[in-house]
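Quick caveat, the model's predicted, so the values are computed rather than measured. As the structure lists them, so they are numbered: ligands from 1, and atoms in each ligand from 1. All heavy atoms count here, side chains included; hydrogens, waters and symmetry mates do not. Positions are given from 1, in the same order as the sequence printed here.
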Amino acid sequence: MSATQIERRGPVAVVRLVNPPVNGLGSAVRSGLEAAFNQLLPDDSVAGIVITGDGRMFSAGADIREFGRTPPPGVPNLPELIDWLEESSKPVVAAIHGVAAGGGLELALGCHYRIVAPKTRLGLPEVTLGILPGAGGTQRLPRVAGVEAALELIVSGRLVSEREALKLGIVDQVAEGDVVAAAVAKAAELAATGTPPRRSSERDEGLAAARADPGLFDRFRRSMAKRARGMNAPYACVRCIEAAVRLPFAEGRHFEHQEFRKLVGAVEAQAMRHAFFAEREVAKIPDLPDSTPTRPIAAAGVIGCGTMGGGIAMVFANAGIPVTVVESDAGALDAGLEKIRANYQATVDKGRLAQDAMDERMALIAGATGFDAVADADIVVEAVFEEMPVKKQVFGILDRTCRPGAILATNTSTLDVDEIAAATGRPESVIGTHFFSPANVMRLLEVVRGAKSSPETVATAMALSKTLGKIGVLVGVCDGFVGNRMLHQYLREAAFLVEEGALPQDVDRVIYDFGFPMGPFAMSDLAGNDIGWRIRKAKMAERPAGTGSGDERYSGTISDRLCERGRFGQKTGAGWYRYEDGRTPLPDPEVESLIVETSKALGIGQRPVSDREILERCLYPLVNEGARILDEGIALRSSDIDMVWIHGYGFPRYRGGPMFWADTVGLDAIAAAMRGFQAVHGDWMAPAPLLEKLVAEGKGFKDL
Ligand code: T1G
Ligand code: NAD
């Protein structure tokens, strides 16, 4: 079937893009457009042209799957196709519905008039793929919507609603009825009245303000520095929009093309494309066909309204699902509900949520101190203390209380989900839903499949993660699941590096410069050093003195010393750092002398530690553990692990996640480094069998 169709409606020809699922402007579509223009532009019986998309949207832009591939010979490129269309002397009107993104919106901006249907999203999100709008978007959008709006939209990659697009001048009309019919009528009217084509490339009104404000771009660059840290694409976008203000259209277009070429093949763009597809791949579970039934979730319950329970309740309310939180007593309940209210109020005060939206969400959250209140819930998420006896007691009660068919989920971060499920008579309905703190902010949700979790329970939890706006990653049962299990490797080595001579601020600087929002020591101070201390003490109680987990050396000595001194981190004003303003970590000489003292007591000599060693010792063992996790089937795909780390631990998206990044470094180099570390530090650094196997086969994680 041709990727474009032409339909005549009287004097107007309607060109329809037909390339499901998102009318990507791939080679076939571009060839189809070329053929259509060849036919229609010289045809005198055609007074006007309408461009539209078949199915659920106008177009999501260039076909991202074609990137990095050489197009078949003779296929036109998109920028020139759009220039050609814009040159048309006949009126060309875009009829837009669903989504017009990237090259899709650029195609519409090449039309002389744009009509949009309600509930449509429009934007140029190329920067989220590590590139820039390369088909004239950086030159036409500022001319149509103004430079400041273009800077904000192109550098954020944000999609806007049809109403906002109308206000910005990106579209000209919202059609309440049939958008194609409205466009046909407009094209016929423009033709009949002989209205000259209104070409975006010839419009200047949007550039005037910027021409009068030479400091605009430098101001904007300063304002975006934090969110664009480590990336090239956002700065290239600004340079192109600046070119639109300085240069005539054709030269600006050429400048844009050069900048695009520099970005599209770079690792940053490859990593961002990898993340784009990985985000969609996580939902595909090989042994769970799309036909697997799911249970409807119309009402939820949360047990425990502490740090996590409160956030989880907000997640359900934010998705419009009524939720009841159950606490052990009225005092704890009131405190928990008040924290939720205060959390919403803070967002309202920042202008990021309307008061009535807050009121609607609060109205969806009820509180109780008895489990009967969740007897009819479709899912109940337990978030009580991280102690097995407490969890088992709660699941026993839920099993007796909740209706048949309800999903019983646990938010445990370290405990055995199968052991918790065994405390019920319905282990097939038990699953882990491991949210990340703060639950109402972090997008990651590790869905922990128990040995007896039924396909229906797994499919329901995975579908629910999408409803809740989370990236649901299916993982197996093991200590720390995927994220925390890999995190342990990273934190252990960070602690050892400090015992051996690096300062916490050195390690944090290297990790921050790599692209994480913060390093391991600032992160521990934020989360609270006492949480890890409590877990270590609980684990130590189960093990003989002085040993770590399995064959590794104990890594908590200095952190234990800090906690014994009440240095829990930000919450006590001191941890690995001291905090004068409560948030800014300041190196503390007291910590430095405690480190030297403790290393001496441990018999560990302090030595200079290079930045390179810091990076490799923190990240290579993390990747190595990822290989073990894949080998054990705890994660389905290496790209799933990348999603866990990008959405749960702040791994820089423009590096693609730890497993993708490892492939860019080269697994042979990582395996060699691990062997080196093993020889010096111990067998816990031995390269994972899968890593060695891939190296031997000259493959990467991407080849799995
Ligand atoms: N190319 C190829 N495949 C795409 C695609 C695209 N542009 N967009 C989506 N898909 C696939 C996706 O992988 C999934 O596949 C299916 O379509 C449904 O997507 C010159 C060079 C449009 C808002 O960045 O943001 O134009 O998993 O699950 O939630 O300047 O898709 O089913 O096999 O996401 O309804 C710029 C990317 C391209 C937009 C719809 N465009 N797409 O969301 O569906 S670069 C974008 C999206 C460009 C020019 C440059 C979203 C969506 P599968 P989905 P959705
Ligand atoms: P928390 O101590 O802040 O809250 C636990 C709440 O559970 C308390 O308010 C307590 O009153 C309540 N509770 C205890 N027993 C109860 C019972 N029988 N009935 C009703 N309520 C009861 O703990 P948290 O940090 O929210 O952790 C909760 C769970 O989430 C733990 O399993 C933890 O491992 C996990 N988790 C925590 C984090 C985190 O960063 N804090 C992240 C992911 C997962």
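Proximity of Asp329 to ligand 2, defined as any heavy-atom pair under 4.0 Å, is not found for any part of the residue. Contacts between Phe436 and ligand 2, counted as non-hydrogen atom pairs separated by less than 4.0 Å, are absent for every part of the residue. With a 4.0 Å cut-off on non-hydrogen atoms, Thr410 does not touch ligand 2 at all.
Taking the six-membered ring for Trp and the full ring otherwise, the centers of Phe481 and His434 sit less than 6.0 Å from each other. Between Tyr649 and Phe436, the distance separating the two ring centers is shorter than 6.0 angstrom.
Not close to ligand 1: Gly137, with no non-hydrogen atom less than 4.0 angstrom away. Using a 4.0 Å heavy-atom cutoff, Glu281 is absent from the residues neighbouring ligand 1. Residue Glu279 places every heavy atom at 4.0 Å or more from ligand 1.
Polar contact with ligand 1: present for Gly134 (N/O pair, distance under 3.5 Å). Residue Gln393 has no N or O atom closer than 3.5 Å to an N or O atom of ligand 2. Residue Arg121 has no nitrogen or oxygen atom sitting less than 3.5 Å from a nitrogen or oxygen atom of ligand 1, judged on distance alone. In terms of N/O distances under 3.5 Å, ligand 1 is not approached by Thr128. At least one N or O atom of Ile64 sits closer than 3.5 Å to an N or O atom of ligand 1. The distance criterion of under 3.5 Å between nitrogen or oxygen atoms is met by Ala60 with respect to ligand 1. Polar contact check, Gly103 against ligand 1: a nitrogen or oxygen pair lies under 3.5 Å apart. On a distance-only criterion, Thr307 and ligand 2 share at least one N/O pair closer than 3.5 Å. Checked against a 3.5 angstrom limit, the closest N/O atoms of Arg280 and ligand 1 fall inside it.
Trp84 and Phe37 have perpendicular rings, their planes meeting at more than 60° on a 0 to 90° scale where under 30° would count as parallel.
Here the shortest heavy-atom distance to atom 9 (C) of ligand 1, taken over Leu78, Leu132, Asp63, Val22, belongs to Val22. Considering each of Ala100, Gly104, Pro79, Ala62, the one bringing a non-hydrogen atom nearest atom 7 (N) of ligand 1 is Ala62. Residue Asn411 holds the heavy atom nearest to atom 44 (C) of ligand 2 of all those in Thr369, Asn411, Ile535, Leu333.
A salt bridge is absent between Glu80 and Arg30: the closest approach of a Lys/Arg side-chain nitrogen to an acidic carboxylate oxygen does not fall below 4.0 angstrom. Under 4.0 Å is where a charged nitrogen must lie from a carboxylate oxygen, and between Glu338 and Arg341 at least one such pair does.
Checking atom 21 (N) of ligand 2 against the protein gives a heavy-atom contact under 4.0 Å. Protein heavy atoms all stay at least 4.0 Å away from atom 29 (O) of ligand 1. Remark: atom 52 (C) of ligand 1 lies closer than 4.0 Å to no protein heavy atom.
Counting atoms of ligand 1 from 1 in the listed order, those under 4.0 Å from a heavy atom of Pro133 are 30 (O). Annotation for ligand 2: atoms under 4.0 Å from non-hydrogen atoms of Phe385 are 2 (O), 5 (C), 8 (C), 10 (C), 14 (C). The ligand atoms of ligand 2 that sit less than 4.0 angstrom from a heavy atom of Ser413 are 33 (C), 34 (O), 35 (C), 36 (N), 44 (C). Counting the atoms of ligand 2 from 1 in the order shown, those under 4.0 Å from a heavy atom of Gly304 are 7 (O), 12 (C), 21 (N).
Looking at Leu129, Thr128, Val127 one by one, the single match for side chain to side chain contact (heavy atoms under 4.5 Å, CB included) with Pro125 turns out to be Thr128. Just one of Gln258, Arg253, His257, Glu259 meets the side chain to side chain contact (heavy atoms under 4.5 Å, CB included) condition when paired with Cys240; it is Glu259.
For Arg280 and Phe276, the positive end sits near the middle of the six-membered ring, less than 6.0 Å away and at most 45° from its axis.
Of all non-hydrogen atoms in Glu279 and His647, the two that sit nearest each other are OE2-NE2, 2.8 Å.
For Glu386 and Thr414, the side-chain atoms include at least one donor-acceptor pair closer than 3.5 Å.
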Legend entry - Lys537 vs Asp530, salt bridge (Lys or Arg N to Asp or Glu O under 4.0 Å): CA-CA, chis, key distance, verdict: CA-CA 10 Å; Lys537 282 199 281 190; Asp530 53 321; over 6 Å; no

